[in-house]
Peer 1: 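Shown below is the structure under consideration.
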Amino acid sequence: MAFPYPLIALEEHWLAQSVRDFYVANNAKHPNDENGLVGMVTPALMELGETRLKAMDESGVSLQIVSHAPNSLALDLATCAKVNNELSDLMEARPGRFRGFATLPMADPEAASRELRRCVEDLGFVGTLIDSNCEGRFYDNPFFWPVFEAAAEHDVPVYLHPAPNPQTKPLLYNGNYPDAVAESLSEYGWGWHNETAVHFLRLFAAGLFDRYPTFKIVLGHLGEMLPFQLDRIEAITMRQWPHLGLKLNRNLRQVWDENVWITTSGMFFLAPMAAVLRQCKPDRILFSVDYPFGKNEAGLAFLKALKAEGMVGDDVLEGIAYRNAEMLLKVTAK
């Protein structure tokens, strides 16, 4: 069955040589080094040419929103600028096929906010994708909020993406099994999805969405476990938190409905998607593949299964495929 809609994919990664050079200069190994747990995808991760385009065309991906792969080190401004300039060159070379999420030096929020403004105003980027921690630090500290202020001012989203955390792995995941298993468990096997969900709740509790009520945040991987727990968390925050001294302008459900978008990246499973469809407004669900960690053809098969199983109607399916992304990012799928 041919799929009737073009696809916009929001969480599609690459690895820049300038970032690898930064790690070498800092005597560190990049998380996506060829010798790492997912090293087999490193060549595809670094390729931004015909192979990537062929994989897109074969599954009907009209537009990739490209972002850099997660980091364990906080990049400096010079490296981030190199990454963003290289991505801008790709966008110019392949008009209509690629757009960019900015890479930012989050350890220096003032510089990061300036770089975000440059990427949006001068390079045509559609937002930023940031790691879910900055060398173990979370963004509920107002120290980091200039970045969120800049995103709100420019009406572009911040995609909060899981990243390795050197602080939590030894505490929560090292155990009576090989260290490689602990590493897997602490990252894509469980930990970084859980940590990204906790990070979002920390931002909510810290009043970020009160300070910047129009701020837009994107969560991948079908909402990083939050849809399953949302009703319980909402009830606790409404019933208990005001008595504990925290009174926010809007409750969790309002923030979820008004400020949060989620994507399907790498989570092509019908059971959790059923929870997502019940917990999220239809226009807040976006298609993503997580390329090259996820496969375009798997994402396309998932969308077809949603229709075949009667989980969505044509309007909702079209929205997930590309319409919702067009509205959020102000782009067009050709």
Peer 1: Do the side-chain N and O atoms of Thr263 and Tyr159 include a donor-acceptor pair separated by under 3.5 angstrom?
Peer 2: yes

Peer 1: Any Lys/Arg nitrogen of Arg117 or Asp122 sitting under 4.0 Å from an Asp/Glu carboxylate oxygen of the other?
Peer 2: no

Peer 1: Less than 4.5 Å apart, any side-chain heavy atom of Phe200 and any of Leu226?
Peer 2: yes

Peer 1: Measure across Gly207 and Trp145 and return the closest heavy-atom pair with its distance rounded to 0.1 Å.
Peer 2: C-CH2, 4.0 Å

Peer 1: Taking Lys216's backbone N and O only, do any of them form a donor-acceptor pair with Asn259's side chain (distance below 3.5 Å, no angle check)?
Peer 2: no

Peer 1: Would you call the rings of Phe204 and Phe209 parallel, tilted or perpendicular, where under 30° means parallel and over 60° means perpendicular?
Peer 2: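 Taking Phe209 first and then Phe204, their aromatic rings sit tilted (interplane angle of 30° to 60°).
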
Peer 1: With no hydrogens and no angle check, is any side-chain donor or acceptor of Glu115 less than 3.5 Å from a backbone partner on Cys119?
Peer 2: no

Peer 1: In this structure, is the centre-to-centre distance between the rings of Tyr5 and Phe3 below 6.0 Å?
Peer 2: yes

Peer 1: Can you name the closest pair of heavy atoms from Leu286 and Ala325 and give their distance?
Peer 2: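 Nearest pair, atom of Leu286 first, then Ala325: CD2-N, 3.4 Å.
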
Peer 1: Is there a donor-acceptor pair closer than 3.5 Å between any side-chain N or O of Glu12 and the backbone N or O of Tyr291?
Peer 2: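 Side chain of Glu12 to backbone of Tyr291: a pair is present.
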
Peer 1: Supply the atom-to-atom distance Met91 CE to Leu48 CG, rounded to the nearest 0.5 angstrom.
Peer 2: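 If we round to the nearest 0.5 Å, Met91:CE and Leu48:CG are 12.5 Å apart.
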
Peer 1: Under a 4.5 Å cut-off applied to non-hydrogen side-chain atoms, are Val126 and Val156 in contact?
Peer 2: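 Side chain of Val126 against side chain of Val156, heavy atoms only: no contact under 4.5 Å found.
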
Peer 1: List the residues meeting ring pair (Phe, Tyr, Trp, His ring centres under 6.0 Å) with His199, not counting sequence neighbours, and say none if there are none.
Peer 2: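 Counting only residues at least two positions away or on another chain, His199 forms a ring pair (Phe, Tyr, Trp, His ring centres under 6.0 Å) with Phe138, Tyr139.
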
Peer 1: Can Glu326 and Tyr322 be counted as having a side-chain donor-acceptor contact under 3.5 angstrom?
Peer 2: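 Not at all, the side chains of Glu326 and Tyr322 share no donor-acceptor pair under 3.5 Å.
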
Peer 1: Applying side chain to side chain contact (heavy atoms under 4.5 Å, CB included) to Phe268 and Met273, what does each step give before you reach the verdict?
Peer 2: CA-CA 8 Å; Phe268 305 131; Met273 186 62 175; over 6 Å; no

Peer 1: With rounding to the nearest 0.5 angstrom, report the SG to CG distance, Cys280 to Leu230.
Peer 2: 8.0 Å

Peer 1: Check Asp57 with Arg97, please: is the shortest side-chain N to carboxylate O separation under 4.0 Å?
Peer 2: yes

Peer 1: So, taking the atom named NZ in Lys307 and the one named CG in Leu303, what distance separates them when rounded to the nearest 0.5 Å?
Peer 2: 12.5 Å

Peer 1: What is the minimum heavy-atom distance between Ala74 and Phe22, and which atoms define it?
Peer 2: O-CZ, 3.5 Å

Peer 1: For the residue pair Val218 and Ile262, establish whether any side-chain heavy-atom pair is separated by less than 4.5 Å.
Peer 2: no

Peer 1: Judged by atom type as modelled, is there a donor-acceptor pair below 3.5 Å linking the side chain of Thr42 to the main-chain atoms of Asn32?
Peer 2: yes

Peer 1: Does CG in Asn141 sit with more than 12 non-hydrogen atoms of other residues, nucleotides or ligands closer than 6.0 Å?
Peer 2: yes

Peer 1: If we only count heavy atoms from C-beta on, is the Phe143 to Arg137 side-chain gap below 4.5 Å?
Peer 2: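 Sidechains of Arg137 and Phe143: in contact.
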
Peer 1: Main chain of Met311, side chain of Glu309: is a donor-acceptor contact present, judged purely on distance under 3.5 Å?
Peer 2: no

Peer 1: Give the intermediate values and the outcome of salt bridge (Lys or Arg N to Asp or Glu O under 4.0 Å) for residues Asp257 and Arg284.
Peer 2: CA-CA 8 Å; Asp257 287 343; Arg284 299 307 174 102; over 6 Å; no

Peer 1: Begin with the C-alpha distance, continue with both residues' side-chain angles, and end with the deciding distance and a verdict on salt bridge (Lys or Arg N to Asp or Glu O under 4.0 Å) for Arg20 and Asp33.
Peer 2: CA-CA 9 Å; Arg20 304 193 74 173; Asp33 181 271; 3.7 Å; yes

Peer 1: Would the Phe215 and Phe148 ring centres measure less than 6.0 Å apart?
Peer 2: yes

Peer 1: Working to the nearest 0.5 angstrom, can you tell me the gap between Thr168 OG1 and Tyr173 OH?
Peer 2: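 If I round to the nearest 0.5 Å, the distance is 6.0 Å.
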
Peer 1: Checking side chain to side chain contact (heavy atoms under 4.5 Å, CB included) for the pair Leu185/Tyr177: CA distance, chi angles, key distance, verdict?
Peer 2: CA-CA 11 Å; Leu185 190 61; Tyr177 34 76; 4.1 Å; yes

Peer 1: Count I, L, V, M, F, W, Y as connected when their side-chain heavy atoms are under 4.5 Å apart, and connections chain through other members. Are Leu208 and Val198 then in the same cluster?
Peer 2: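 Different clusters: Leu208 never reaches Val198 through Ile, Leu, Val, Met, Phe, Trp or Tyr contacts under 4.5 Å.
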
Peer 1: Please report the closest heavy-atom contact between Gln167 and Gly136, naming both atoms and the distance.
Peer 2: CG-CA, 3.6 Å

Peer 1: Can you spot which of His193, His68, His13 makes a ring-ring contact (aromatic ring centres under 6.0 Å, His included) with His161?
Peer 2: His13

Peer 1: Does Ser62 use its side chain to pair, donor to acceptor, with the backbone of Ile8 at less than 3.5 Å?
Peer 2: no

Peer 1: In Å, rounded to the nearest 0.5 Å, how long is the span from CG of Leu75 to CG of Leu73?
Peer 2: 7.5 Å

Peer 1: Taking Lys54 first and then Glu58, would you say they form a salt bridge - that is, a charged N and a carboxylate O separated by under 4.0 Å?
Peer 2: yes

Peer 1: Under a 4.5 Å cut-off applied to non-hydrogen side-chain atoms, are Val316 and Leu306 in contact?
Peer 2: no

Peer 1: We want to know whether Gln279 and Asp231 form a side-chain donor-acceptor pair, criterion being a heavy-atom distance below 3.5 angstrom.
Peer 2: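 On atom types as modelled, these side chains qualify, holding a pair under 3.5 Å.
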
Peer 1: Distance-only, no hydrogens or angles: does the Asn85 side chain make a donor-acceptor pair with backbone N or O of Ala81 under 3.5 Å?
Peer 2: yes

Peer 1: Starting from Phe293, can I reach Leu15 by hopping between I/L/V/M/F/W/Y residues whose side chains sit under 4.5 Å apart?
Peer 2: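 Leu15 clusters together with Phe293.
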
Peer 1: Between Glu86 and Leu90, does the side chain to side chain contact (heavy atoms under 4.5 Å, CB included) criterion hold? Intermediate values first, please.
Peer 2: CA-CA 7 Å; Glu86 186 174 348; Leu90 171 70; over 6 Å; no

Peer 1: So which heavy atom on Glu110 is nearest to which on Pro146, and how close?
Peer 2: OE2-CG, 3.6 Å

Peer 1: Is any side-chain heavy atom of Glu195 less than 4.5 Å from a side-chain heavy atom of Pro162?
Peer 2: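 Glu195 vs Pro162: side chains apart.
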
Peer 1: As an exercise, state the distance from CG of Leu328 to NZ of Lys330, rounded to the nearest 0.5 Å.
Peer 2: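 Between Leu328 CG and Lys330 NZ, I get 7.0 Å after rounding to 0.5 Å.
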
Peer 1: Do Arg99 and Val66 have side chains that approach each other closer than 4.5 Å (heavy atoms only, starting at C-beta)?
Peer 2: no

Peer 1: Examine the side chains of Asn71 and Tyr23 and answer whether a donor and an acceptor come within less than 3.5 Å of each other.
Peer 2: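 Yes.
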
Peer 1: So Phe125 and Ser88, do their side chains get closer than 4.5 Å, heavy atoms only?
Peer 2: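 When only atoms from C-beta onward are counted, Phe125 and Ser88 do touch, with a gap below 4.5 Å.
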
Peer 1: Do the side-chain N and O atoms of Asp76 and Thr79 include a donor-acceptor pair separated by under 3.5 angstrom?
Peer 2: yes

Peer 1: Are Met238 and Trp256 connected in the hydrophobic side-chain network, where two residues link if heavy atoms are under 4.5 Å apart?
Peer 2: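 Met238 does not cluster with Trp256.
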
Peer 1: Does a donor on one side chain sit under 3.5 Å from an acceptor on the other, for Lys169 and Asn174?
Peer 2: yes

Peer 1: I'd like to know if Arg323 and Asp283 make a salt bridge, using a cut-off of under 4.0 Å between side-chain N and carboxylate O.
Peer 2: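 No, Arg323 and Asp283 are not salt-bridged.
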
Peer 1: Can you tell which of Thr103, Asn84, Ile130, Thr128 makes a side chain to side chain contact (heavy atoms under 4.5 Å, CB included) with Leu116?
Peer 2: Thr128

Peer 1: Do Arg211 and Asn249 get their side chains close enough for a donor-acceptor pair, meaning under 3.5 Å?
Peer 2: no

Peer 1: For residues Gly299 and Phe287, report the shortest heavy-atom separation together with the two atoms involved.
Peer 2: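 Minimum heavy-atom contact is O-CE1, 3.6 Å.
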
Peer 1: Check whether the side chains of Arg52 and Gln64 place a donor and an acceptor atom closer than 3.5 Å, and report yes or no.
Peer 2: yes

Peer 1: Using the rule that Ile, Leu, Val, Met, Phe, Trp and Tyr join whenever any side-chain heavy atoms are under 4.5 Å apart, tell me whether Val19 and Val24 fall into a single cluster.
Peer 2: no

Peer 1: Is it the case that the side chains of Glu11 and Ser265 hold a donor-acceptor pair, with the cut-off being a distance below 3.5 Å and no angle test?
Peer 2: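 Present: a donor and an acceptor within the cut-off.
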
Peer 1: Are Leu203 and Leu246 co-members of a hydrophobic cluster defined by side-chain heavy atoms under 4.5 Å apart?
Peer 2: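 Yes: a chain of side-chain contacts under 4.5 Å links Leu246 to Leu203.
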
